[in-house]
Amino acid sequence: MISIDRQRLKSLMAREQTRFVDDRPRSKALFERARGSLLGGVPMNWMVKWAGAFPPFAQEARGAHLLDVDGHRYVDFCLGDTGAMTGHSPEATVSAVGQQVSRGITTMLPLEDAVWVGEELQRRFGLPYWQFTLTATDANRFSIRLARQITGRPKILVFNWCYHGSVDETFITLADGVTKPRSGNIGPPVDPSQTTRVVEFNDLEGLERGLTPRDVACILAEPVMTNVGIVHPEPGFHRDLRQLARKFGTLLIIDETHTICAGPGGATREWGLDPDMLVIGKTIGGGIPVGTYGFTEEIAERITASIPLEDSDVGGIGGTLAGYALSMTAVRATLTGVLTDEAFARMTRLAVRWTEGVEGIIAGRQVPWHVTRLGCRAEYHFMPDPPRDGAEQAAAGDPELERFLHLYAMNRRILMTPFHNMALMCPATTEADVDRHTQVFASAVDELFG
Ligand SMILES: Cc1ncc(COP(=O)(O)O)c(C=O)c1O
């Protein structure tokens, strides 16, 4: 097995930064102008994480491709970090949303589309009742609030290195058995150890210990961890997670926001999971803001019994535009015409091709890395074997190397998400797009290892 020469990495990085800047005079000028009115020159803080000296400014995006203001056309495997897993501006969504825009964007009254969407979510995920938000973050926050309300318990439990959006309770980490606020937790209202227990993914004993005091309202979990990198559950993990939650009277909330990549009904449908509540957002609106949370008959009854009519517009859950007309129309069109069974089958085949391509390069050059895949999402990791939990995955992180690979790819017209080594396929991705990534990855590895 070979290792990385850090000096070589630094000089390659410097070369790629120069090329990036030289190739993008328009983006550079826009970025310099933006610094006069936008904090850090970007509309949202995390955009500073793009690997170049500044983010490329987008001109337009269609299907699996994105054009920047300097005329570079990228194959987009980032796809809005799942927000555009439908492909950019999918025709069915654009057409339905366009019509709804001229018929009323927000009305404070339900549309028939909302009923259709509730019925379709029932069919896909198996849960009978649904509510809507504008983001998956809100859907998680509201689910947690409702879980506290109906169980009367104060705490939640999450898995180490999880990410569920900007939900205060989840920015906690576990290091050598001690919980502490996760680095980057900006202005927390309270120390998250007051609100949250945290255990390692796949650690059923730790989970049982965490639930034993019977003060945990809910477990909030991705069925497969995706945000620290893909970490798969071990066989039997989900069965035991379900049983332990039930044994201790804790509700199980499954967050499918990213794991919808597993199939049309996410991992819940693929593996027959049985959550009390389920959250999803991002891609189901084809790019129009929407989040949703569903729950069982029993939870629905407990919620209804605990919220008097007069209080239904008051505390902790809500949002003026939550469930608004445009988002309901967008979800209907996206689930009908874009995120179909056929599209998932095709996208998954492409992710298999992507995985095999990258695996071939890794094995051929004896690089100590590996690739994981979940449905139409695939990712390479800087460690030889799949991690068991978030801590193992986080320990193998290598920001310098990751930045180099992303920049190298961007300079050769490939976009990877700035937060992972992750590639998503959309219905418009082609085999040629996938193969282009494989070639670029091969040449990056060759340059890196000499
Ligand atoms: C698993 C998961 N849940 C929820 C969210 C929050 O989504 P949003 O930022 O759209 O609110 C994210 C965001 O990346 C996520 O990865």
Side-chain angles (χ1 to χ4, degrees), residues 42-47 49-50 77-86 125 131-145 147 156-172 182 184-186 196 198 201 218-233 238 252-262 265-268 273 275 277-294 317-319 321-324 327 330-331 334 372 374-377 379 390 393-394 416-424:
V42 287
M44 186 63 215
N45 193 41
W46 47 254
M47 290 188 196
K49 270 218 152 177
W50 283 97
F77 291 109
C78 163
L79 293 171
D81 196 22
T82 309
M85 199 182 88
T86 50
F125 297 105
Q131 290 282 279
F132 296 91
T133 61
L134 289 186
T135 65
T137 299
D138 269 355
N140 278 323
R141 288 180 35 230
F142 300 171
S143 301
I144 291 171
R145 285 230 171 199
I156 77 158
L157 185 146
V158 295
F159 292 108
N160 200 18
W161 291 99
C162 68
Y163 183 74
H164 296 281
S166 49
V167 178
D168 286 321
E169 290 91 334
T170 59
F171 291 105
I172 185 163
R182 188 155 153 191
N185 187 12
I186 299 167
T196 310
V198 54
F201 200 61
C218 62
I219 299 164
L220 175 61
E222 284 192 284
V224 176
M225 294 190 87
T226 64
N227 282 293
V228 66
I230 295 174
V231 182
H232 282 285
H238 275 291
L252 177 60
I253 307 173
I254 291 288
D255 180 351
E256 292 272 16
T257 303
H258 278 178
T259 48
I260 183 66
C261 60
T268 295
L273 306 183
M277 303 173 93
L278 184 145
V279 165
I280 184 166
K282 296 202 188 188
T283 195
I284 56 169
I288 299 295
V290 62
T292 180
Y293 51 106
I317 68 171
L321 269 75
Y324 81 127
S327 70
V331 180
T334 304
T372 47
L374 178 69
C376 64
R377 180 185 183 105
E379 183 163 28
Q393 173 65 49
M416 303 284 286
T417 99
F419 314 123
H420 323 265
N421 300 314
M422 184 275 282
L424 266 178

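Both counts, for ligands and for their atoms, begin at 1 and track the order of listing.
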Peer 1: Could I get the full list of side-chain contact (heavy atoms from CB on, under 4.5 Å) partners for S327, not counting sequence neighbours?
Peer 2: I288, V290, Y324

Peer 1: Measure the shortest side-chain to side-chain distance between P275 and I253 over non-hydrogen atoms and say whether it is less than 4.5 angstrom.
Peer 2: no

Peer 1: If the condition is side-chain contact (heavy atoms from CB on, under 4.5 Å), which residues does T135 pass it with, not counting sequence neighbours?
Peer 2: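 In terms of side-chain contact (heavy atoms from CB on, under 4.5 Å), with neighbours along the sequence ignored, T135 is linked to T137, D138.
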
Peer 1: Please name all residues satisfying side-chain contact (heavy atoms from CB on, under 4.5 Å) with N45, sequence neighbours left out, ordered by chain then number.
Peer 2: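 Once residues adjacent in sequence are excluded, N45 has no partner under the side-chain contact (heavy atoms from CB on, under 4.5 Å) criterion.
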
Peer 1: Tabulate distances under 3.5 Å between N/O atoms of ligand 1 and N/O atoms of the protein, writing both atom names on each line.
Peer 2:
residue: ligand 1; atom: 3 (N); partner: D255; partner atom: OD1; Å: 3.4
residue: ligand 1; atom: 3 (N); partner: D255; partner atom: OD2; Å: 2.6
residue: ligand 1; atom: 11 (O); partner: A136; partner atom: N; Å: 3.4
residue: ligand 1; atom: 11 (O); partner: T137; partner atom: N; Å: 2.9
residue: ligand 1; atom: 11 (O); partner: T137; partner atom: OG1; Å: 2.6
residue: ligand 1; atom: 14 (O); partner: K282; partner atom: NZ; Å: 2.7
residue: ligand 1; atom: 16 (O); partner: N227; partner atom: OD1; Å: 3.4
residue: ligand 1; atom: 16 (O); partner: N227; partner atom: ND2; Å: 2.8
residue: ligand 1; atom: 16 (O); partner: H258; partner atom: ND1; Å: 3.3
residue: ligand 1; atom: 16 (O); partner: H258; partner atom: NE2; Å: 3.2

Peer 1: At their closest point, which heavy atom of T268 faces which heavy atom of F125, and how far apart are they?
Peer 2: CG2-O, 3.8 Å

Peer 1: How about Y293 and T133: do any of their side-chain heavy atoms sit closer than 4.5 Å?
Peer 2: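 Yes, at least one pair of side-chain atoms sits under 4.5 Å.
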
